[in-house]
Amino acid sequence: MKVIRKIGEMMDISEIYRREGRTIGFVPTMGYLHQGHTSLFKIARKKSHILVVSIFVNPLQFGPNEDYKEYPRDLQRDLEICKNENVDIVFAPSESEMYLKDFSTFVEVKNLDEELCGKYRPGHFIGVATVVLKLFNIVKPHIAVFGLKDAQQYFIIRRMVRDLNLDIEIIPGPTIRESDGLAMSSRNVYLNSEERKQATVLYKSLMLAKDIIEKGERSASRIIYEMEKFIKENAPLSKIQYIQIVDTNNLKPIEELKSEFLIALAVFFGKTRLIDNIIISLDGTTNII
Ligand code: PAF
């Protein structure tokens with residue numbers, strides 16, 4: 001396994017692989033890897049000759065009061081995990097390598113960032129789209145895999161790829177969960193034991209919503225009301241930031257449930273912000289391709 005720190009070196013190697021006709025699969029990460037990430041590596045691995053994983057905590061996607069400084073980092077541990085997963089190249093640039101002092105170009109995917117996390121994290125998805133486009137230009141992948149735990153991110157990247165005619169296949173990877181349903185996340189390490197116990201309410205409230213929908217409920221506001229009630233009753237340490245039901249085509253809220261929609265929520269436990277979601281298709285068609 002090669003560890004590459006320099007943009008120029010990464011670009012040169014990718015160019016050689018491309019000329020040799022080898023398929024490059026790519027999984028961008030911010031490190032502190034867990035099974036959620038390695039499940040994405042496995043998806044990419046199956047579809048490519050060369051698997052590249054990037055590890056870069058992207059300052060551009062953190063707000064001024066967010067956890068950029070505290071974000072967990074452990075490169076040595078991450079490299080061990082990558083080795084065990086048969087990753088071919090880890091691209092781990094420094095911040096100064098990625099962003100020159102006078103860096104001044106940003107990518108904005110409009111409309112899709114107005115609700116859900118985008119509403120509460122202004123500028124976050126500009127930071128994500130900008131770094132992902134840079135990484136795509138550096139790594140030159142044929143395919144890239146993004147986890148559906150960050151569903152809004154997946155839809156935004158897919159739109160950017162479509163709108164800017166990038167020749168990259170974007171593949172979604174399912175959310176990987178702990179045995180009690182909590183979605184795996186690098187931020188779970190912030191939770192104390194009581195918060196960790198109560199954090200299962202995110203997934204449980206999504207399962208409650210699914211159950212109510214299966215019984216015939218079609219009103220988004222009634223489902224959101226039930227989810228909110230469930231979380232408040234079962235997790236006194238929680239503070240709900242949002243619960244929303246949106247159409248997967250435009251990520252805009254809907255009232256009457258139909259075709260395919262995303263139920264997503266963000267909940268704080270102390271300073272730790274957790275997100276989760278499910279995508280439900282009522283007519284069997286799905287936008288997740
Ligand atoms: O999902 C993440 O870890 C990040 O948002 C990404 C895609 C690596 C961009 O920094």
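Ligands are counted one by one from 1 in listed order, and the atoms in each one are counted from 1 as well.
- Atom numbering of ligand 1 starts at 1 in the shown order; those under 4.0 Å from a heavy atom of Pro28 are 8 (C).
- Those atoms of ligand 1 that come under 4.0 Å of a heavy atom in Val131, given as number and element, are 9 (C), 10 (O).
- Under a 4.0 Å N-O distance rule, the pair Arg196/Asp180 qualifies as a salt bridge.
- In this structure, the side chain of Arg5 engages the main chain of Ala92 through a donor-acceptor pair within 3.5 Å.
- Proximity of Leu135 to ligand 1, defined as any heavy-atom pair under 4.0 Å, is not found for any part of the residue.
- Counting protein heavy atoms only, atom 3 (O) of ligand 1 is closest to Met30 CG, 3.6 Å.
- For atom 2 (C) of ligand 1, the nearest protein heavy atom (residue, atom name, distance) is Gln153 NE2, 3.8 Å.
- Comment: Asp163 does not engage Lys110 in a salt bridge, judged by the lack of any side-chain N to carboxylate O separation of less than 4.0 angstrom.
- No option in Arg121, Gln152, Met160, Gln61 other than Gln61 meets the side-chain contact (heavy atoms from CB on, under 4.5 Å) test with Val128.
- Ion pairing of Lys6 with Glu97 is present here, as a side-chain N (NZ or NE/NH1/NH2) and a carboxylate O approach within less than 4.0 Å.
- Of the protein's non-hydrogen atoms, Gln61 OE1, 3.3 Å is the one closest to atom 9 (C) of ligand 1.
- In the vicinity of Thr29, heavy-atom distances shorter than 4.0 Å reach the ligand 1 atoms 8 (C).
- Salt bridge Lys83/Glu80: present, at least one basic N to carboxylate O contact under 4.0 Å.
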